[in-house]
Undergrad: 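Shown below is the structure under consideration.
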Amino acid sequence: KTWQRIGLDLPTEPVNIIKEDPANPDILYVGTDNGLYISIDRGTHFMTLGGLPYVAVHDLAIQARDKEIVVATHGRSLYKADISHVEKVNTEMVDSLTCFNEKISIFYRERWGSRTASWTEYVQPSVSFPVYTGSAGQARLQVYADSLMVSDQEIKLEKGLSYYTYNLEMNESSTEPLKNLMIQRKPDANPQIKKADNGKYYLPPGKYKLKILQGNQEAAMDLVVKTRE
């Protein structure tokens, strides 16, 4: 029998559990005494599966139907994560930047940026989105309504697949141009974009495009801010 050594770039720490993805046999999950790692090339290379604390991972369970992984740790409880995006990663996209053409939605609330009492936190909206990149580093998150850029901020990307948040803030200087754009789209509209109690401006209901720019690469996804009927 011929043996193949894998995980040569894993840190020098005990390996407690290894699982093969049920949908993509090229993907391996490894739990060590210091965290959770993933390989997309059958163990030739590994990267961290971000978001977990530095803790010993003693067991893994994968729910194939719901595309979820359950991680059992030593002394830090259980964790559950969606692996639907993980299963889309392959060796051909090792050096690429992608958001998997994600489609995100959130219901608009008038209470964004307000609070019920002076001792409570402000209501802060946010959406989560996936980004896979072959290299860590600084990037830009830009938000567009058609060709109008309403937000531009710097984010730090981690190598591999990670999840990031956008809190639906927009630039104050973009409020009037966005109102005009909304009226162009619907002449009888009376859009209201007001400064919230926390001094911030939030996206009104509508369709937007989120773009991630890193070096000479770009990835995009759709965002819909919906109204309740």
Side-chain angles (χ1 to χ4, degrees), residues 50-51 65-68 80-89 93 96-116 121-133 138-158 160-214 217-229:
R65 184 196 63 193
D66 294 332
K67 299 187 181 299
E68 292 181 333
K80 182 176 72 172
D82 182 352
I83 57 172
S84 58
H85 296 111
V86 173
E87 293 181 341
K88 295 178 182 179
V89 178
M93 54 188 287
S96 66
L97 175 72
T98 181
C99 297
F100 305 94
N101 295 317
E102 191 76 351
K103 298 184 185 302
I104 311 164
S105 65
I106 185 173
F107 281 105
Y108 177 80
R109 295 180 63 188
E110 294 282 352
R111 295 183 58 244
W112 287 351
S114 67
R115 55 184 178 179
T116 56
E121 297 292 332
Y122 287 101
V123 177
Q124 182 70 46
S126 66
V127 291
S128 175
F129 58 90
V131 179
Y132 176 87
T133 179
Q138 299 301 123
R140 308 296 305 181
L141 168 61
Q142 297 179 343
V143 183
Y144 288 84
D146 290 348
S147 60
L148 173 65
M149 186 169 66
V150 297
S151 178
D152 180 18
Q153 56 188 265
E154 188 174 72
I155 61 172
K156 183 178 180 181
L157 299 181
E158 301 293 335
L161 174 63
S162 294
Y163 290 80
Y164 304 86
T165 57
Y166 167 53
N167 59 13
L168 280 83
E169 284 184 45
M170 61 174 295
N171 303 329
E172 181 178 0
S173 59
S174 301
T175 55
E176 288 303 319
L178 181 56
K179 286 181 184 179
N180 294 334
L181 177 61
M182 295 172 72
I183 293 173
Q184 290 177 20
R185 291 172 172 172
K186 190 175 181 181
D188 60 346
N190 182 27
Q192 301 293 319
I193 308 177
K194 299 178 180 179
K195 181 185 291 187
D197 293 344
N198 61 359
K200 299 177 180 180
Y201 292 86
Y202 295 100
L203 296 181
K207 296 181 179 180
Y208 303 91
K209 183 76 71 175
L210 272 61
K211 294 184 179 180
I212 304 294
L213 296 89
Q214 184 188 35
Q217 296 192 84
E218 177 182 311
M221 66 204 102
D222 294 326
L223 168 65
V224 180
V225 181
K226 302 188 292 187
T227 55
R228 297 186 185 275
E229 300 296 335

Undergrad: Got more than 12 heavy atoms from elsewhere within 6.0 Å of CD, Q138?
TA: yes
Undergrad: As an exercise, state the distance from CD1 of I155 to OH of Y164, rounded to the nearest 0.5 Å.
TA: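 The OH atom of Y164 is 6.5 Å from CD1 of I155, to the nearest 0.5 Å.
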Undergrad: Could you walk me through whether L213 and Q142 pass side chain to side chain contact (heavy atoms under 4.5 Å, CB included), step by step?
TA: CA-CA 8 Å; L213 296 89; Q142 297 179 343; 3.5 Å; yes
Undergrad: For N101, does the CG atom sit with more than 12 other heavy atoms under 6.0 Å from it, leaving out its own atoms?
TA: no
Undergrad: What I want to check is whether the side chains of Q124 and Y202 have a donor and an acceptor closer together than 3.5 Å.
TA: yes
Undergrad: Where is the tightest heavy-atom contact between T165 and F129, given as atom of each residue plus distance?
TA: C-CE2, 3.8 Å
Undergrad: Taking CD in E121 as the centre, count heavy atoms belonging to other residues, nucleotides or ligands within less than 6.0 Å. Is the count above 12?
TA: no
Undergrad: Show your working on side chain to side chain contact (heavy atoms under 4.5 Å, CB included) between R115 and V123 and close with a plain yes or no.
TA: CA-CA 6 Å; R115 55 184 178 179; V123 177; 5.9 Å; no
Undergrad: Compare all side-chain heavy atoms of L157 with those of V131 and state whether any distance is below 4.5 angstrom.
TA: yes
Undergrad: List the atom of E158, the atom of T133, and the distance in Å for their closest heavy-atom pair.
TA: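 So the two residues come closest at O-CG2, 3.2 Å.
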Undergrad: Report yes if the side chains of Y208 and V224 come closer than 4.5 Å at any heavy-atom pair, otherwise no.
TA: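 No, too far: nothing below the 4.5 Å cut-off.
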Undergrad: Would you mind checking if D146 and K207 are paired as a salt bridge, meaning a charged N to carboxylate O distance below 4.0 Å?
TA: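 Result for this pair is no, no salt bridge flagged.
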Undergrad: Work out which heavy atom in Y144 is nearest to a heavy atom in K211; give both atom names and the distance.
TA: CE1-CD, 3.8 Å
Undergrad: Is it true that a side-chain atom of N171 and a backbone atom of S173 form a donor plus acceptor pair closer than 3.5 Å?
TA: no
Undergrad: Look up atom NZ in K179 and atom CG in N190, then write down how far apart they are to the nearest 0.5 Å.
TA: 9.0 Å
Undergrad: Does a side-chain heavy-atom distance below 4.5 Å link Q153 with V143?
TA: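 They are not in side-chain contact.
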Undergrad: So is K194 actually on top of Y201's ring, under 6.0 Å and inside 45° of the axis?
TA: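 Relative to the ring axis of Y201, which defines the angle, K194 lies outside at least one limit.
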Undergrad: Can you measure from CZ (R185) to CD1 (I183) and round to the nearest 0.5 angstrom?
TA: 12.0 Å
Undergrad: List the steps, then state whether side chain to side chain contact (heavy atoms under 4.5 Å, CB included) holds for I106 with K226.
TA: CA-CA 6 Å; I106 185 173; K226 302 188 292 187; over 6 Å; no
Undergrad: Provide the closest heavy-atom pair for P204 versus V225 in the form atom of the first, atom of the second, distance.
TA: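 It is O-CB, 3.7 Å.
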Undergrad: Donor-acceptor pair, distance only, cut-off 3.5 Å: does the side chain of D66 make one with the backbone of E68?
TA: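 Judged by distance alone, no pair lies under 3.5 Å.
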Undergrad: Once you round to the nearest 0.5 Å, how far does CD1 of I193 lie from CD of E172?
TA: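 So the gap between those two atoms works out to 11.5 Å.
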Undergrad: Does the pair L178 and L148 meet the rule for a side chain to side chain contact (heavy atoms under 4.5 Å, CB included), with working shown?
TA: CA-CA 7 Å; L178 181 56; L148 173 65; 4.0 Å; yes
Undergrad: Could you tell me if the side chain of R140 sits less than 4.5 Å from the side chain of D152, heavy atoms only?
TA: yes
Undergrad: Parallel, tilted or perpendicular: which describes the rings of H85 and F100, with under 30° parallel and over 60° perpendicular?
TA: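 Ring orientation, 0 to 90° scale: tilted.
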Undergrad: Rounded to the nearest 0.5 Å, how far does NZ of K88 lie from NZ of K67?
TA: 9.0 Å
Undergrad: Do side-chain atoms of D82 reach the backbone of S84 as a donor and acceptor pair under 3.5 angstrom?
TA: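 Yes, because the side chain of D82 sits within donor-acceptor range (under 3.5 Å) of the backbone of S84.
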Undergrad: For the CD atom of E102 and the CG atom of L210, what is their distance to the nearest 0.5 Å?
TA: 11.0 Å
Undergrad: Can you confirm whether the side chains of Q217 and S96 place a donor and an acceptor under 3.5 Å from each other?
TA: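 The answer is no; no qualifying pair exists.
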Undergrad: Counting C-beta onward and ignoring hydrogens, is there a side-chain heavy-atom pair between K200 and K195 closer than 4.5 Å?
TA: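 A side-chain contact under 4.5 Å is absent here.
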Undergrad: For W112 versus L168, what's the shortest heavy-atom pair and its separation?
TA: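 Shortest heavy-atom contact: CH2-CD2, 3.5 Å.
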Undergrad: Could you tell me whether K209 and D222 have a side-chain N and a carboxylate O separated by less than 4.0 Å?
TA: yes
Undergrad: Looking only at heavy atoms, which two atoms of V150 and L203 are closest? And how far apart?
TA: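 Looks like CG2-CD2, 3.8 Å.
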Undergrad: Side-chain contact test, heavy atoms from C-beta onward, threshold under 4.5 Å: evaluate it for Y132 versus L97 and give yes or no.
TA: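 No. Closest side-chain heavy atoms not under 4.5 Å.
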